[in-house]
Amino acid sequence: MDIASPLLLWYDRHARTLPWRGSRDPYIIWVSEIIFQQTRIEQGTGYFLRFVGRFPDLHSLAAAGEDEVLRLWQGLGYYSRARNMLFTARFIVENHGGIFPSDFEMIRKLKGIGDYTASCIASICFGQVHAAVDGNVYRVLSRVIADKTAIDSTKGQVLFKRLAQELISRQRPGDFNEALMDLGATVCKPRSPECTICPLINLCRACELKIQGELPVKSPAIKKSASVMNYLLVMQGEEIVIQKRTGKGIWNGLYELPMIAGDLEPASIAAECQSVYGIKADNLSEIRRIKHVLTHAKLDIRFYAVTTVSKASIGNKSLLWVSGRNIVEYPFPKPLVDFLDSLSES
DNA sequence: CACGCGTGGGT
DNA sequence: TACCCAAGCGT
């Protein structure tokens, strides 16, 4: 089967003009591919432009602090992408003389770079024949061969990656990869694919069988767990108390207010606040309650004002006093950004 | 290898 | 409301 010829003909006329298109700088392609993992073009483009504006090359990124990198990432989600990028930038400077590796296996070993991103960099920047298989490509190929193997199963991933590697253009591997992704994004869409204008209509088995709407097949989604987070707004004059999240859970590396987990009464929260943080919180008053939905969890987030507290009464060293003026230096999860923004408005 | 990891938009 | 979807990767 030759899908490369009609696909590249289509691509030459319909390729989208995107800020990173045309660049063969592995640093630029790397940044763009990381940002657009699980992220829509409309959502990520501003982030991409700000990121490469502030960090135009590997060395400028490697020299940055984690807070500033995460602050540029604030609101984009999946923050381990940013922390892994910083780690890898520093790694390349230290171990590869600041030159982005061109060997596929070497690229693939870098932290935060999997099969997809390594294939993009190898094909687009170095002309190597490696098929980049993202969600678009899984969808397009599952329709082309009308195969109902779940695209998110191990079996499906092996199947469609092998197929993509068979079909990829040996002459224009980078263009082929981008063309297949463009086709998935603009024509072979998840819902209501526009088969009548598709360059692959004559060889698409799903279109022939009129089952394109039933493909791709995915495994059933996992149910979201629910949890409650109680945030404490501890203020004195112009300053509030924040802390950095560490460990393996959500929002790792970002900052937040002092937090007590669990569906608790204010009195219980105050007691835990005292024992965990050493914050004497006699009279908590709830000032806001919001729902925040993640891919895998539903959060019930409650904000409380702590009115009677003196700076000296807080003995926990992991807590930071930050002035309202400096709060913009610190990266926060979206619900905290919204809450803190609403404070400065009123 | 099933699951954790964000956010925003669409239906 | 409650899903689904969007240029994946680490563990």
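The chains referred to below are lettered A, B, ... by the order of the sequence lines, with proteins before strands, and numbering in each begins at 1.
Residue Gly75(A) is classed as a sugar-phosphate contact, given heavy-atom separations below 4.0 Å to backbone atoms only. Among the atoms of the strands shown, none is found under 4.0 Å from any heavy atom of Ser32(A). Across all strands, Trp20(A) comes closer than 4.0 Å to base atoms (heavy-atom distances). Among the protein residues, Arg139(A) comes within range of the sugar-phosphate backbone only, with heavy atoms under 4.0 Å from sugar or phosphate atoms but none that close to a base. Within 4.0 Å of Ile35(A), counting heavy atoms only, lies no atom of the nucleic acid at all. Contact annotation for Leu18(A): base contact, defined as any heavy-atom pair under 4.0 Å involving a base atom. Counting non-hydrogen atoms under 4.0 angstrom, Asn252(A) reaches nothing in the nucleic acid. At a threshold of 4.0 angstrom between heavy atoms, the contacts of Leu294(A) include nucleobase atoms, whether or not backbone atoms are also involved. The residue Arg21(A) sits close to a base: some heavy atom pair falls under 4.0 Å. Using a 4.0 Å heavy-atom cutoff across all strands shown, Ile34(A) reaches no nucleic acid atom at all. Looking at heavy-atom distances under 4.0 Å, Val293(A) makes contact with a base. Residue Ala185(A) is classed as having no contact, given no heavy-atom separation below 4.0 Å to the nucleic acid. Using a 4.0 Å heavy-atom distance criterion, Gly44(A) is classed as making no nucleic acid contact.
The separation between Leu254(A) atom CG and dC5(B) atom P is 13 Å, rounded to whole Å. Rounded to whole angstrom, the span from the CG atom of Asp338(A) across to the P atom of dG8(B) amounts to 7 Å. Remark: P of dG6(B) and CH2 of Trp73(A) are 12 Å apart, rounded to the nearest angstrom. Distance Gln157(A) CD to dC9(C) C1': 11 Å, rounded to the nearest Å. Atom-to-atom, NZ of Lys248(A) to P of dC5(B) comes out at 11 Å; the value is rounded to the nearest Å. Look at NZ on Lys189(A): it is 15 Å from P on dC5(C), rounded to the nearest Å. Rounded to whole angstrom, the span from the NZ atom of Lys224(A) across to the P atom of dT7(B) amounts to 13 Å. Rounded to whole Å, the distance from CZ on Phe160(A) to P on dG8(C) is 16 Å.
Look at Gln38(A) and you'll find a side-chain N or O under 4.0 angstrom from OP1 or OP2 of dG8(C). Of the side-chain N and O atoms in Tyr79(A), one or more sit less than 4.0 angstrom from OP1 or OP2 of dT7(B). For the pair Lys334(A) and dG8(B), the criterion of a side-chain N or O lying under 4.0 Å from OP1 or OP2 is met. Look at His296(A) and you'll find a side-chain N or O under 4.0 angstrom from OP1 or OP2 of dC5(B). Within the 4.0 Å cut-off from OP1 or OP2 of dG4(B), not a single side-chain nitrogen or oxygen of Trp251(A) is found.
Between the side chain of Asn177(A) and the backbone N or O of His130(A), at least one donor-acceptor pair lies under 3.5 Å. Tyr79(A) places no side-chain N or O within 3.5 Å of a backbone atom of Ile250(A) that could act as its donor or acceptor partner. Under a 3.5 Å cut-off, the side chain of Gln165(A) and the backbone N or O of Ala131(A) do form a donor-acceptor pair. Looking at Arg81(A), its side chain does come within 3.5 Å of a backbone N or O of Tyr78(A) through a donor-acceptor pair. With hydrogens and angles disregarded, a donor-acceptor distance shorter than 3.5 Å links the side chain of Arg71(A) to the backbone of Val328(A).
Applying the 3.5 Å distance criterion, the base of dC5(C) shares a donor-acceptor pair with the side chain of Arg40(A). Within 3.5 Å, a donor on the side chain of Thr295(A) pairs with an acceptor on the base of dG6(B), or the reverse.
With dG10(C), dC4(C), dG6(B) as the choices, the nucleotide that has an atom nearest any side-chain atom of Ala221(A) turns out to be dC4(C). Closest to the Asp134(A) side chain, of the nucleotides dG6(B), dC5(C), dG8(C), is dG8(C). Of the candidates dC4(C), dC9(C), dC5(B), the closest approach to any side-chain atom of Ile250(A) belongs to dC5(B).
Under the rule for a side chain to side chain donor-acceptor pair (under 3.5 Å), the partners of Asp182(A) that lie at least two apart in sequence or sit in another chain are Arg16(A), Arg21(A).
Along DNA chain C, the nucleotide nearest Pro216(A) and the nucleotide nearest Thr117(A) are compared for position; the residue whose nucleotide lies closer to the 5' end is Pro216(A). Where Gln37(A) and Thr154(A) meet DNA chain B, the nucleotide closest to each residue was compared, and Thr154(A) sits on the side nearer the 5' end.
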Paired and unpaired positions of DNA chain B as dot-bracket, Watson-Crick or G-U wobble under 3.5 Å, | denoting a partner strand: .||||.|||||
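With P as the reference atom, dG6(B) and dT1(C) are 24 Å apart, rounded to whole Å.
Residues Val140(A) and Ile41(A) fall into different hydrophobic clusters, defined by Ile, Leu, Val, Met, Phe, Trp and Tyr side chains chained together at heavy-atom separations under 4.5 Å.
Salt-bridge check for Arg288(A) with Asp338(A): failed, with every basic side-chain N at 4.0 Å or more from each acidic carboxylate O.
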Step-by-step side chain to side chain donor-acceptor pair (under 3.5 Å) determination, Tyr116(A) to Gln37(A): CA-CA 10 Å; Tyr116(A) 165 77; Gln37(A) 286 170 7; over 6 Å; no
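A cation-pi geometry, defined here as NZ or CZ lying under 6.0 Å from the six-membered ring centre and within 45° of its normal, holds between Arg50(A) and Tyr47(A).
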